[in-house]
Protein chains: 2
Amino acid sequence: MNSKEIAKLAGVSRSTVSKIVNDYANVSDKTRKEVIEVIKKYGYVPHASARNLAGKFNKMIGVFITDVNHDSKKLRVIESDYFSPFTTAAIDYADELGYNVLVLVIDKNREFEKARKLLYNKTVSGGIFIGAENNVQEIFKLIKSGCKLVIIDQEKCKDKTLGKHIIVNSKNLEGAYNATKHLIEYGHKNIAHICGDMNKFSGLKRLEGYKKAMIEAGLPIENECIVEGDFTENGGYESAKKLLKNNKKITAIFASSDTMAIGAIKAIKEMGLVIPDNISIVGYDDIKIASYISPSLTTIRVSILNMVSIAVKSLVDFIEKDIKSSKYNTVPTELIIRESSKKII
Amino acid sequence: MNSKEIAKLAGVSRSTVSKIVNDYANVSDKTRKEVIEVIKKYGYVPHASARNLAGKFNKMIGVFITDVNHDSKKLRVIESDYFSPFTTAAIDYADELGYNVLVLVIDKNREFEKARKLLYNKTVSGGIFIGAENNVQEIFKLIKSGCKLVIIDQEKCKDKTLGKHIIVNSKNLEGAYNATKHLIEYGHKNIAHICGDMNKFSGLKRLEGYKKAMIEAGLPIENECIVEGDFTENGGYESAKKLLKNNKKITAIFASSDTMAIGAIKAIKEMGLVIPDNISIVGYDDIKIASYISPSLTTIRVSILNMVSIAVKSLVDFIEKDIKSSKYNTVPTELIIRESSKKII
DNA sequence: CACGCGTTCGAACACGTGTTCATAATATAT
DNA sequence: ATATATTATGAACACGTGTTCGAACGCGTG
C-alpha cells in the first residue's frame, strides 16, 4: 500500500494525499476527511525510508553507550545500572518529542565504527554518547564532519575549530566535594578515596573534589589513602582490601561510584569490620541497589532524568532548528544520607 | 558524498561502486582495491534509506516493551529490572547478526499505534513484543497483515488462520511448581501465593504451577491464601499485609515475581516478623536485586539470555529466509536457593 | 588476426515519497 | 454575470541506491 494506491482508491491525486498526510493547507475539509477515511481503512503508513530519502530528516536518534568492561559473552550486570535508567529516560524524552531511539553498545568487540556508520548513512539524525572517554578523538572527528552530537560527562573542548556540539555534565567536582565534606562533618579525619578510571573525566573530577574538601578542612592528602578502582565492583573490592590492610587508621571511605562502594562493602564485611560502626562509606551515582543493599548506601545522586532531558531536548533542537554555537550544560547533584555513614563519637 | 561522486573520484562507473560495496563478482582485484581506497578516504557510507528503498530490507528490529505500570513523568524503577537485561541482551544478540535495535516503550500514554507504524512504514523489519498481554488482539492483527513478530510469554494461539509468528516462553508452570515444591520439601504446609496479573499468561501459569505442587503434596488450596498482587512492589507489599493479617498459620509465601517478593519482604519486616525464621519467601525471575537484598532472595531464575537469544535468532531467520510455519519455543527455569527460605524444624 | 572471456561502462528503470508549478475546475463574493 | 479566491490536478523532478543488460573494451591464446 502506497500513496499512489491510496490516491486511486480515494479518487484524488497523489499530491493531495501527500498534502493531507503532511498537514498542508489548500485541501477542503471534505476531501481531507474522505482521504483520511481511506488511509485508515487500508492502514496506510508512508514508507519511512522513502520519506527520509525525499528530504525529510529521520526522527531517530542514537544512544551510544560505551561499556569498556563488558564481555559480550555474559550479560552486563553492574554496568547496566547506569545504562538502564539512562536509556529508558532517553527513550521516554525522545518519544515525547516524536523521536525514536536506536541503542548501540560499543565495547571492545563492537567497534566505534558502527556508530559512525549509523550517523553517516543517516539512519539516525544525531546521537548521544555516554561513557565514551576512550573515543573522544573519534567523536571529535564526527563533529568536525558535521554530525550532530551530545556528549555526556566530557570536559569542555578548547579547540575552537571543533564544530558545533553539545556537552552535558553533572557537577562531578561539587558532588565529590560534598560527599567528602559530609564525612568530614561527621567527624572523620582519616578518609580514604577509591577513585575511578583516571582517563575518565568523571574519575578525575571526583578525585579533585575529594582533594578540595580535604585541603579545605586542613586534612592531609596521603597517597596511600587513594587507590584506583576502575569503576567496577571488583575494583572496589580489591581497593578496599588494599586500603584497609595497609592503613589501620582509616575510618571512612569515599568511593567514586556506588558500584565500587558495593565491592568495598563486601571486602569490609569479609575483613570482619562493621559498617558504619567501624567504617563509614559513601558512594556516588545513587544507583538503584544503593537503597536496597544492607546497610543502605549514603551516596551522591546524579539526576539522570535531568541530564537526559537536557541532552535529548538540545539534540532535537540541534537537529530541527540548528544551534548558533556549542552548548555546555551542567546539572547539580544531591547528597543522599543513608545508613552507611555515621558520626564519629 | 554518494556513490556517484565516489565513482567519479575513482574513475569508475556507479555500477562498479555498487558491485564493490555489495561484494559482487566481476570486479578485478585492482579496481576493487582502488575504489575501496577512495571510499575509505572520503568516508563514504551508502545512504541507509536509499538502500532500504531500493529493495534491500532494513537490518533493524524493534523491541517493544509494554510497561503498564509506568507513569511517564517518573523514571521507571522496579519495572526496569526486567526491561533492562532483556533489552541489553537483545541489542547484543542483534548486533552479532548485524542488526540494530530500536527500543519502544508502550504504556498508557504511548499507544500501541506507534509499534504498528514502525512496522508498517518499514522502519523495522520485524519486532519482539514483551509483556504485551493487553495488546494480544492488536498483535494478532499485525501478524495477519504480514508483520514478522516474536512474542515473549504468550500462550500458543489455536487460531489456524493466524499468520506465521514466533512465540518464546519460559516454563512458567514448571518454575512455579518447583518453587512451591521447594517450600514443601522444606517442611512448609501453610504456603500462601501472591500471584501476578490474572490477565497475563505468566501470572496464570505460575498460579497453576503453585496449585499443582500443592495438590500433588496433598495440601489444601485455600482461597484466603491466594492474593493478587499485579506484579508491582506495592502490590506485593499490600498482598503480604493482607495475607498475614488474616491468617496466622502461614509459614511461607511464594510470590509470582521478585518485585512482589521485595514488597512482601518490606511488609513482613514492618510487621515485626523475621525472614526466614518466621516466614520463608520465594520469588520469581531472579532480578539483580534478588541477590543484593537482605535476606537474599530464593527465586526461580529465568534465563533471559536464553530467551532473547532464541527470540532474536528466530526473528532474523524469519526476516531473511522466511520460515515454513509458526514456531513455539520454551526455555527451562532454575531454582536458586538463597537466604530467604529455610527448613521448618 | 580472430576469438573468447573477464571486466567495465552507461543507460535505464524501480523503489515511495516530498515538492513545486502551471493549469483547470469549482465555489464564493461582488 | 463577472471577478476572485479556493481547491485540486497531473506532470515533473529530486532523493541515493540496487539491479539489469547490451555494448564496448582489453587481454591473452590459438
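Reckoned from all heavy atoms, side chains included, excluding hydrogens, waters and symmetry mates. All chains are named by letter (A, B, ...) in the order of the sequence lines, taking the proteins before the strands, and each is independently numbered beginning at 1.
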Let me know the distance between CG of B:Asn121 and P of C:dT17, rounded to the nearest Å.
-> 10 Å
Whole-Å distance separating the NZ atom of B:Lys33 from the C1' atom of C:dT7 | 18 Å
On a plain distance test, is the side chain of A:Arg14 in donor-acceptor contact with the base of C:dG16 below 3.5 Å?
-> no
Closer than 4.0 Å, any side-chain N/O of A:Ser15 to the OP1 or OP2 of D:dG10?
-> no
Check the distance between D:dA14's C1' and B:Asn2's CG and give it to me in whole angstrom.
-> 12 Å
Here the distance between atom P of D:dT17 and atom NZ of B:Lys19, to the nearest Å, is 17 Å
May I have the distance from A:His47 (atom NE2) to D:dT17 (atom C1'), rounded to whole angstrom?
-> 13 Å
What orientation do B:Phe112 and B:Phe129 show, parallel under 30°, tilted 30 to 60°, or perpendicular over 60°?
-> parallel
Specify the separation, in whole Å, of atom CZ of B:Phe57 and atom P of C:dA14.
-> 23 Å
Of A:Ile151, A:Asp159, A:Asn135, the one forming a side chain to side chain contact (heavy atoms under 4.5 Å, CB included) with A:Phe140 is A:Ile151
Could you tell me whether B:Ser49 contacts a base, only the sugar-phosphate backbone, or nothing, with contacts defined as non-hydrogen atoms closer than 4.0 Å?
-> nothing
Side-chain donor/acceptor of A:Asn2 to backbone N/O of A:Lys4, under 3.5 Å | yes
B:Ala54 or B:Thr31: which one's nearest nucleotide on DNA chain C is closer to the 5' end?
-> B:Thr31
Residue whose closest nucleotide on DNA chain D lies nearer the 5' end, A:Ser13 versus B:Asn22 | A:Ser13
Is any side-chain N or O of A:Ser18 closer than 4.0 Å to OP1 or OP2 of C:dT17?
-> no
Rounded to the nearest Å, what distance is computed from the CG atom of residue A:Leu53 to the P atom of nucleotide D:dC15?
-> 9 Å
Does A:Lys19 count as lying over the ring of A:Tyr24, i.e. NZ or CZ under 6.0 Å from the six-ring centre, within 45 degrees of the axis?
-> no
Interatomic distance, B:Lys4 NZ vs D:dT19 C1' [rounded to whole Å] = 17 Å
Heavy atom of residues 23-30 of chain B under 4.0 Å from DNA chain D: which residues?
-> B:Tyr24
Would you check if the side chain of B:Thr16 reaches a backbone N or O of B:Val12 as a donor-acceptor pair within less than 3.5 Å?
-> no
More than 12 heavy atoms of other groups within 6.0 Å of B:Lys164 NZ = yes
Angle class for the B:Phe57/B:Tyr99 ring planes (parallel below 30°, perpendicular above 60°, tilted otherwise)?
-> parallel
